[in-house]
A.B. asks: 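So that we are looking at the same thing, I have put the structure below in structure tokens.
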Amino acid sequence: MLPLIVFAVGIAVYNYKQDRNDATRRVLENVRSMRLVLDSEVQRMTGGLQVLALTNSLRNDDFQSFRRMALGFVDQYGKGGLVLISDRKGRLLFSSATEDTASLPPRGHLEIIEKVFATRSPQYSDLFTGAINGRQVLTVEVPVLRDGEVIYDLCFSPPVSTFQDLVEKQRPDQNWTVSLLDTKAFVFARTPNPTETFGKQATGTLYESILRTPEAALSTVSLDGVALSTVYTRSRLTGWTIVAGVAESSLIAPLWRNIAITSFIGGILLLTGLTFAVRMATTIARGEMLHDLLIDELNHRVKNTLALMQAIAVQTFRSASRDERTKFEGRLGALAEAHNLLSQEKWAGSELRDVITRALQPFLLNNPERIRMAGPAVPLSPRLAVVLSMIVHEIATNAAKYGALSNETGRVTLEWEVVAEAPKPRLRLIWTEIGGPPVTAPVQRGFGSRLIERSARDQLGGEATVDFLPRGVVCTVICALDEAR
């Protein structure tokens, strides 16, 4: 009997090792999903700053007019955000915190300002002590161009609570330790114990591994002195690292519990046959740990897909032009925002107005009154929400580059209605521009126009038309409505 019990315990140990490997893989997938969420939030900040950088008031050095738009941008992130404008030498020309810039000290962290001027592209800082408030901060910085040359550095220091809220929302359960680290492995958001660990550097084993490779799984000891099974991955966008660890005790405890139960039940049931004993050992050994991780995997399956898309995009656009990368990142950001909205609604669908507002958010920063929306409440299925979000993003991007949103006087009216038809009702959405530059029909259609027409036809079972009228562009999208569920 004893050899049979030992054999059953061996089965439990084998299954534990298999389950542990599966758990590590699923933790890695969750960490990649968290990276996607972090990158999406940072891309949203970057996109908003890039829109501010294109305003005429900033290009014309009209900082007084620019202040209203900057404060509107900062208000999105709550108390503690700060927008700064500096020249190449770090001299402050604008601060959203005060109009008296003459009394402000020069910008700190001049290295990142030099990178902005040298690369002409967005940059993301590590933790450093801000010269104005004396607190440790992170910054997102974009160049302000005039006639193709960088004239200013536009800097946004988001409240640290923005990243802390993100970590707490993404933490799957209380057994997990989740941290965000800058490129030098200093903590700027963490759960648990965020206050005690903020600004501290990762422990030796984890720090050394981060220096060697951008992604790995290993055993570490946390800043709290807890043994963890840890997985981390680095963001290619910012260079920041997302770390998640599960307490070793929570992984090992089920093994000992299952071994004890297996031994006890095996001693009673071995008389009924080895087959029954092995089945019981296997069933017991596969505890609730896998159940929770499988649920997490389902909750993050869409974010995992977008993370893969982002990795492919980075490789694909490595040698592409900045304009091409910006276009693709904008489209991917619109897709991510649509999926974020659907995730908040538990994938039960969403309202058309919410989908449109999310898609147009970067274009509403300068003047929210420039785009007027009108229409009834329309519930959308997840499929319609994603496709319509992409279409609205493309239309708005074209308007920002060539149409009514490319100057200070243009206006847009976005109206929609539901037309009752058999066998399904249809949605008619009309985008009308006025007050923009003179309208000239393009000689050939670009990718964005083809994306709008093909998405409406192939994915929505409808149609999209673009009319280049003298007073402005009119775009009409018609599609069949699914039941939002």
A.B. asks: Give the C-alpha distance, both sets of side-chain angles, the deciding distance and a yes or no for side chain to side chain contact (heavy atoms under 4.5 Å, CB included) between Val83 and Phe94.
C.D. replies: CA-CA 8 Å; Val83 169; Phe94 173 87; 4.2 Å; yes
A.B. asks: Please enumerate all residues that pass side chain to side chain donor-acceptor pair (under 3.5 Å) together with Thr241, with sequence neighbours excluded.
C.D. replies: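 Result, side chain to side chain donor-acceptor pair (under 3.5 Å) vs Thr241: none returned.
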A.B. asks: Between Arg91 and Asp87, does any side-chain N to carboxylate O distance fall below 4.0 Å?
C.D. replies: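 Salt bridge between Arg91 and Asp87, a charged N being under 4.0 Å from a carboxylate O: yes.
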A.B. asks: I'd like to know if Glu415 and Arg372 make a salt bridge, using a cut-off of under 4.0 Å between side-chain N and carboxylate O.
C.D. replies: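 So Glu415 pairs with Arg372 through a salt bridge.
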A.B. asks: Taking 4.0 angstrom as the limit, do Glu215 and Arg32 come out as a salt bridge?
C.D. replies: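 A salt bridge links Glu215 with Arg32.
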A.B. asks: Check ring pair (Phe, Tyr, Trp, His ring centres under 6.0 Å) between Tyr77 and all other residues, then give those that pass, not counting sequence neighbours.
C.D. replies: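 Residues passing ring pair (Phe, Tyr, Trp, His ring centres under 6.0 Å) with Tyr77: Phe73, Phe156.
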A.B. asks: Using atom types as modelled and distance alone, determine if a side-chain donor or acceptor of Glu351 lies under 3.5 Å from a backbone N or O of Val378.
C.D. replies: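 The answer is yes, because a donor-acceptor pair under 3.5 Å joins these two groups.
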A.B. asks: Does Arg35 use its side chain to pair, donor to acceptor, with the backbone of Leu38 at less than 3.5 Å?
C.D. replies: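 No: the side chain of Arg35 does not pair with the backbone of Leu38.
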A.B. asks: So if I apply the salt bridge (Lys or Arg N to Asp or Glu O under 4.0 Å) rule between Glu114 and each of Arg120, Arg88, Arg107, which one comes out positive?
C.D. replies: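 Only one option passes, and that is Arg88.
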A.B. asks: Check whether any side-chain N or O of Arg471 sits under 3.5 Å from a backbone N or O of Val439 as a donor-acceptor pair, and report yes or no.
C.D. replies: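 Such a contact is absent between Arg471 side chain and Val439 backbone.
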A.B. asks: Scan side-chain atoms only and decide if Tyr124 and Ser235 contain a donor-acceptor pair under the 3.5 Å cut-off.
C.D. replies: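 No, because no side-chain N or O of Tyr124 sits under 3.5 Å from a partner of the opposite role on Ser235.
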A.B. asks: Does Glu453 pair with Arg450 as a salt bridge, N-O distance under 4.0 Å?
C.D. replies: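 No salt bridge links Glu453 with Arg450.
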